[in-house]
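Single-structure report; data block below.
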Amino acid sequence: MKLQSVELRRISMPLVAPFRTSFSTQTSRDILLVRARTDVGEGWGECAALVDPRYSAEYVDGAADVLRRFLVPAVAAVPDLDANAVGRVLSPFLGHFMAKAALETAVLDAELRAAGRSFGGFLGAATDRVPCGVSVGIMDSIPALLDAVGGYLEQGYLRIKLKIEPGWDVEPVRAVRERFGDVALQVDANTAYAVSDARHLAKLDPFELLLIEQPLPEDDVLGHAELARLVRTPICLDESITSARTAAAAIRLGACSIVNVKPARVGGYLEARRIHDLCAAHGVPVWCGGMLETGLGRAANVALAALPNFTLPGDTSASDRYYATDITEPFRLSDGHLAVPTGPGLGVEPDPARLDAVTTSVEELSL
Ligand SMILES: CC(=O)N[C@@H](Cc1ccc2ccccc2c1)C(=O)O
Ligand SMILES: [Mg+2]
């Protein structure tokens with residue numbers, strides 16, 4: 001396969017409701033899509049980077065720039081391209097995992113569409129539908145939170161994840177437990193605490209949470225290992241896991257007993273599968289994280305979440321959790337599950353009219 005041209009497209013997608021985390025409140029998503037045109041057809045990749053470097057060091061204008069200047073030219077120079085070559089040819093460029101993931105996914109999508117293979121079939125999906133959880137933002141009040149959680153449970157979500165931060169943690173969890181009983185429940189702090197908060201975080205132990213996600217800063221692996229000795233609730237890492245190597249180190253150091261696998265955060269679906277396999281070898285369960293993707297990224301995540309060691313419901317929610325109108329056919333929850341796409345490649349593609357309606361810029365990179 002040979003890369004002939006790449007389109008960098010920016011789309012602006014309003015969220016159905018503000019989404020507040022410990023690091024920001026977002027009301028819309030400014031998303032970069034990568035469209036790879038090759039001699040055997042085209043493929044799509046979605047870059048998960050936020051508009052500002054608050055979840056990780058990446059941000060969407062920076063991702064577009066690193067793709068334009070370094071990543072796309074390097075991949076375009078490969079004479080006999082396949083998805084396995086992308087990680088190798090991009091490894092001299094450090095970091096920029098979300099930008100790399102978008103490009104690798106676009107190349108993989110083109111390759112698989114041309115071969116008539118689905119993402120799930122290629123990655124090793126073991127099931128045709130995946131159980132889904134939902135991520136619930138920090139709310140203005142406990143009653144508002146309980147209304148939101150009640151609504152998601154009525155829609156059929158099989159697991160609730162509450163965003164927490166200092167000042168919004170024990171009480172919201174207590175309220176959800178008192179109202180909804182033993183629903184599958186976990187929390188995500190997005191790095192908002194310090195290991196000195198261990199005694200406070202241990203107050204969550206009586207609520208039998210599935211896990212506490214990324215309580216401490218990304219680089220505080222040793223702090224997570226110390227916290228895991230002071231808190232009974234299992235520790236799950238998200239931001240800290242940037243590769244299979246960092247996953248192996250975190251597990252060996254006792255920093256986590258569960259991993260949130262996010263292809264965008266680790267440079268793509270091939271590395272994500274390596275993390276899945278490594279965690280399986282260590283008996284560490286994984287689940288698929290979310291970055292408020294459109295149906296393009298959502299399709300790839302659902303295929304990944306079908307691998308056998310994804311034993312916990314992920315943040316693979318339905319399209320309407322975030323968007324009133326998706327750019328692809330929407331993913332709809334059915335009995336708390338999403339069906340794994342079976343078509344070639346991602347198995348979905350953008351509807352041209354819907355795509356045009358949200359497009360804010362299109363740039364053709366000639367190679
Ligand atoms: C579903 C979920 O909680 N995702 C991330 C946080 C996150 C990720 C990407 C975002 C993009 C725009 C606005 C908020 C966002 C929050 C997480 O697991 O930590
Ligand atoms: Mg998280």
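This structure is a prediction, so every number in the text was calculated from the model and none was measured. Order of listing sets the numbers, starting from 1, for every ligand and every atom in it.
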- Note on the structure: Judged by heavy atoms only, the candidate from Asn190, Thr191, Val51 nearest atom 19 (O) of ligand 1 is Asn190
- atom 10 (C) of ligand 1 [closest protein heavy-atom partner, distance rounded to 0.1 Å]: Leu292 CD1, 3.7 Å
- Message: Please list the nearest protein heavy atom to atom 1 (C) of ligand 1 with its residue and the distance rounded to 0.1 Å.
- Response: Tyr322 OH, 3.4 Å
- Answer yes or no: does an N/O atom from Ser135 fall short of 3.5 Å to an N/O atom of ligand 1? yes
- Query: So which protein heavy atom does atom 8 (C) of ligand 1 come closest to, and at what separation?
  - Reply: Met291 SD, 3.5 Å
- Query: Among Asp188, Val259, Ile258, whose side-chain contact (heavy atoms from CB on, under 4.5 Å) with Leu211 holds?
  - Reply: Ile258
- Considering only protein heavy atoms, which is closest to atom 3 (O) of ligand 1, and at what distance to one decimal place? Lys163 NZ, 2.8 Å
- Report yes or no: is the cationic atom of Arg159 (NZ for Lys, CZ for Arg) under 6.0 Å from the centre of the six-membered ring of Trp287, at an angle within 45° of the ring normal? yes
- Query: Tyr55 to ligand 1: N or O pair under 3.5 Å?
  - Reply: no
- Item | Protein residue, atom and distance nearest to atom 7 (C) of ligand 1, heavy-atom basis | Phe23 CZ, 4.0 Å
- 2.8 Å cut-off met by an N, O or S atom of Glu213 to the Mg ion (ligand 2): yes
- Measure the distance from atom 4 (N) of ligand 1 to every protein heavy atom, then report the residue, atom name and distance (to 0.1 Å) of the closest one. Gly290 O, 2.8 Å
- Message: What I want to check is whether the side chains of Glu58 and Ser56 have a donor and an acceptor closer together than 3.5 Å.
- Response: no
- Among the heavy atoms of Glu213, does any lie under 4.0 Å from an atom of ligand 1? yes
- Query: Hey, is there an N, O or S on Asp188 sitting under 2.8 Å from the Mg ion (ligand 2)?
  - Reply: yes
- Note on the structure: Answer key: the N, O or S atom of Asp238 nearest to the Mg ion (ligand 2) is OD2
- Glu364 versus Ser5, side-chain donor and acceptor atoms under 3.5 Å: yes
- Query: Which atoms of ligand 1 sit under 4.0 Å from any heavy atom of Asp238?
  - Reply: 17 (C), 18 (O), 19 (O)
- Message: Any nitrogen or oxygen of Phe19 lying under 3.5 Å from a nitrogen or oxygen in ligand 1? Just yes or no.
- Response: no
- Message: Do Leu185 and Leu201 land in one hydrophobic cluster if side-chain heavy atoms of ILVMFWY residues count as linked below 4.5 Å?
- Response: yes
- same_hphob_cluster(Ile212, Ile251) at 4.5 Å side-chain heavy-atom cutoff: yes
- Task: With heavy atoms under 4.0 Å as the rule, classify the contact between Lys262 and ligand 1 as side chain, backbone, both or neither.
- Result: side chain
- Closest heavy-atom pair, Ala99 versus Leu67, reported as atoms and distance to 0.1 Å, is O-CD2, 3.6 Å
- Message: Can you confirm if the NZ or CZ of Arg29 lies within 45° of the ring axis of Tyr323 and under 6.0 Å from the centre of its six-membered ring?
- Response: no
- Note on the structure: Heavy-atom nearest pair, Arg274 first then Ala244, reads CB-CB, 4.3 Å
- Query: Can you check whether Phe122 and Tyr269 have ring centres sitting under 6.0 Å from each other?
  - Reply: no
- Message: Regarding atom 11 (C) of ligand 1: of the candidates Gln26, Lys161, Arg29, Glu239, which has the closest heavy atom?
- Response: Arg29
- Pull out every atom of ligand 1 sitting under 4.0 Å from any heavy atom of Asp188, numbered as shown with elements. 17 (C), 18 (O), 19 (O)
- Message: For the backbone of Ala76 and the side chain of Lys2, can you confirm whether one donor and one acceptor N or O come within less than 3.5 Å of each other?
- Response: yes
